[in-house]
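A short worksheet on the structure shown next.
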Amino acid sequence: MFDPSPVSQQDGGVLVLTAQSGFGGALSPLRSRGWRIVHHPACSSRNFDSMRLAVRRLTWRHILAICTISAIARVVFLLIAEPPIPVAEDYAIARHIAAGDGFSIYERGPTSIKGPLYPTYLAAWLWVLGEQNGLRAAILVQHLLYAAMPALLFQLGRAIARPTLGTIAAVLFALHPTYFYHATVAENTTWVVVMSALWGMLVFRESRSPIGTALAAGAIIGSFILEKPMLAVPMAMILGLRWWRRWQQLTTAALAAALLVLPWAVRGAVLFGEPTLTKSYSSTLTFIHSWLPSMAVHPRYAVPDSVERALDSLTKLPERQALPALRSLATDILATKWSIMPERTIVHALIFWTIPPRYWQSWSLAFVVVRIVPVVLLTVLWIWGMAILWRQDRPLLLGVLGIVAWVTLVYSLYHVLNIRYKLEVEWLELFVCAAPLVPKR
Amino acid sequence: MSAMVGSQQWTAASGMIEATVSNGVIAIAGMDASAAVQIQLRVVGVSQPGTVQIAAGQPHVAMLSDRGTIYNATGVAGSGTITFSKLTSTEAEGTFSFVGINPQSKLEQNVTNGKFSVRFK
């Protein structure tokens, strides 16, 4: 009855077992040596055999084959369909960097509206291959990163001692049409998703080089502080819990993160008069945007037109001048609208989990296939999976739920303009969505 | 005339908005004060309030010129919607949104939450 592959984790004297039966007295020697035996709730005897069957059906080789097929499909898609590449501020900044104008945007000059890493990544490609081919190459790399994601999810599943869920999540990701298409967008979402999964794998797997792992995990957290600060918060908390009292690893990770953030903070202090620890200009602007009559999801949550005009003028100013005024504007909005914030946050959360209003007119077949269908299917699987995991694997469910709830809350407090926001965490939901798909015997 | 270009708020400067109606073609154009960003809408054969789609087989066009890069939504590439909430022989009011595509580089830009309120010349 013992399946060696899912016996997963030996960590600081804790042996996590994936079956509750079949070991008999075999565990006694371990207990006598001080091991604490934990029976993994996801792998009760009731579904152990079916999980084992699923693991047998899909091996690492199968997952690599899925990754290869996904990579080929993506390259063919890029070559044949030549899809348009949606661009945003990152591309505008990248053009300036590649042209030797520094990290600046439009006519506003130096900017902190985006973190430094993704625009620099784009700029490197633009500089090497020129504007047109450079951007296509950057997008191709993003597609290849997503093609590798099933392998990361498979390994992450093993690292967290949920191999079957990880395997099914890997397959779900490979079949997820939004993730197939969205790598074409010139924004940092693809890197955020892949680096999140990589970070999870690094932190939860057994490492032969704890300091190397700590350096890598810390560097990734540092990059998230710069590019996606919202996710750096749960990452830091998980790291603290996971490496509790492992001061050497925690210190190494903190140093690696600080080293990555420091140059950007110093630049902010020099150019804008305050250290740019994260994206304060962008987040303030985003918060105000969400209250504009043209952007608010309901007139109840809209400020007067005069704010829109004020914002229009402020965004044309250099950021050093604009930021204090933007903060003051945001504070004024909060002071006048605080009583409606809880209601707005709930409405935003519902929108975050469905389709933001700006897409409500886009009912093309492509949009239905790429986004509506996955939203509906994943919502059904998510609810179903939560019900299953509540009984079988509450720690995993609460962990995923905690991260997803945090992301939902932060975006709902700010704004829910864009579909891509949810993609940053949707891959993690796949572990819960996988639960109903664990084959029964 | 205003819109969100990507995630940037754009507002046409006063005096930099033009609207004409001629031979059944309604043309509305706006430019910001620095002349960096320009949006043009062209709608054919519409004489009363309603919504038109920019899609294959339709003659309507929307164009964004963003710092020298052109993004078109036409019957060939891109897509969008233009809604006239008010349309008379002298003035028009409404909303628009479109996805423009650069014909050479295939770059794509979203224009959303567009609004216009113009008097025809």
Side-chain angles (χ1 to χ4, degrees), chain A residues 78 81-92 95-96 105-108 113-114 130-136 139 184-187 282 285-286 288-289 292-296 305 307-316 356-364 366-367 415 417-420, chain B residues 1-14 16 30 32-37 51-56 64 66-74 76-83 94-117:
Chain A
L78 289 178
E82 289 190 4
I85 301 173
V87 290
E89 291 96 338
D90 307 83
Y91 176 66
R95 288 177 75 187
H96 281 226
I105 189 166
Y106 308 140
E107 304 81 23
R108 287 212 305 266
I113 195 166
K114 294 283 175 176
E131 284 216 358
Q132 206 162 319
N133 292 332
L135 193 61
R136 297 233 156 248
I139 296 305
T184 313
V185 178
E187 290 185 282
S282 160
L285 199 60
T286 300
I288 299 169
H289 269 156
L292 297 182
S294 57
M295 302 295 288
D305 281 332
V307 175
E308 195 152 1
R309 288 193 291 276
L311 187 66
D312 191 43
S313 310
L314 286 174
T315 51
K316 289 183 171 58
R358 64 185 285 201
Y359 302 93
W360 288 354
Q361 293 176 329
S362 313
W363 294 95
S364 64
F367 184 70
H415 80 155
L417 173 74
N418 204 311
I419 279 174
R420 75 184 158 85
Chain B
M1 191 175 186
S2 65
M4 289 294 289
V5 176
S7 54
Q8 295 282 312
Q9 176 69 27
W10 171 85
T11 307
S14 58
M16 302 283 256
D32 64 355
S34 59
V37 179
T51 299
V52 298
Q53 301 290 334
I54 303 169
L64 162 72
D66 186 355
R67 296 164 182 87
T69 306
I70 306 286
Y71 301 90
N72 290 325
T74 66
V76 178
S79 60
T81 307
I82 302 170
T83 299
T95 59
F96 62 95
S97 64
F98 64 91
V99 179
I101 294 169
N102 179 280
Q104 280 85 42
S105 65
K106 292 281 183 76
L107 297 184
E108 181 182 296
Q109 187 61 273
N110 274 302
V111 177
T112 52
N113 296 298
K115 288 190 288 192
F116 59 86
S117 176

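Letters go in sequence order (proteins before strands), and every chain restarts at 1. All figures in this text were calculated on a predicted structure; none of them were measured in a lab.
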**Heavy-atom contact with chain A under 4.5 Å, split by part of L107(B)** = both

**Request:** Answer with side chain, backbone, both or neither: which region of R309(A) has an atom nearer than 4.5 Å to a non-hydrogen atom of chain B?
**Result:** neither

**Message:** Given heavy-atom pairs under 4.5 angstrom as the criterion, report whether the side chain, backbone, both or neither of L292(A) touches chain B.
**Reply:** side chain

**Complete:** When the 4.5 angstrom heavy-atom criterion is applied to E131(A) and chain B, the contacting part is neither

**Request:** Can you measure from OH (Y91(A)) to OG (S105(B)) and round to the nearest 0.5 angstrom?
**Result:** 6.0 Å

**Request:** List the atom of Q109(B), the atom of V87(A), and the distance in Å for their closest heavy-atom pair.
**Result:** OE1-O, 3.3 Å

**Test item: N113(B) and H289(A) side chains (from C-beta on) under 4.5 Å apart, heavy atoms** = no

**Item:** Nearest-0.5 Å distance that lies between atom NZ in K115(B) and atom CD in E308(A)
**Value:** 5.0 Å

**Message:** At a 4.5 Å cut-off on heavy atoms, which part of T69(B) comes close to chain A: side chain, backbone, both, or neither?
**Reply:** side chain

**Message:** I need the Q9(B) CD to I288(A) CD1 distance, nearest 0.5 Å.
**Reply:** 11.5 Å

**Request:** Kindly write out the residues that satisfy salt bridge (charged side-chain N to carboxylate O under 4.0 Å, His left out) with K106(B), not counting sequence neighbours, or none if the list is empty.
**Result:** E82(A)

**Message:** Quiz question: by atom type and distance under 3.5 Å, do the side chains of Q104(B) and Q132(A) form a donor-acceptor pair?
**Reply:** no

**Item:** Sequence-distant partners of Y106(A), ring-ring contact (aromatic ring centres under 6.0 Å, His included), two or more places apart
**Value:** none

**Fill in**
If you tally heavy-atom pairs under 4.5 Å between each of I101(B), T112(B), T11(B) and chain A, the highest tally belongs to T11(B)

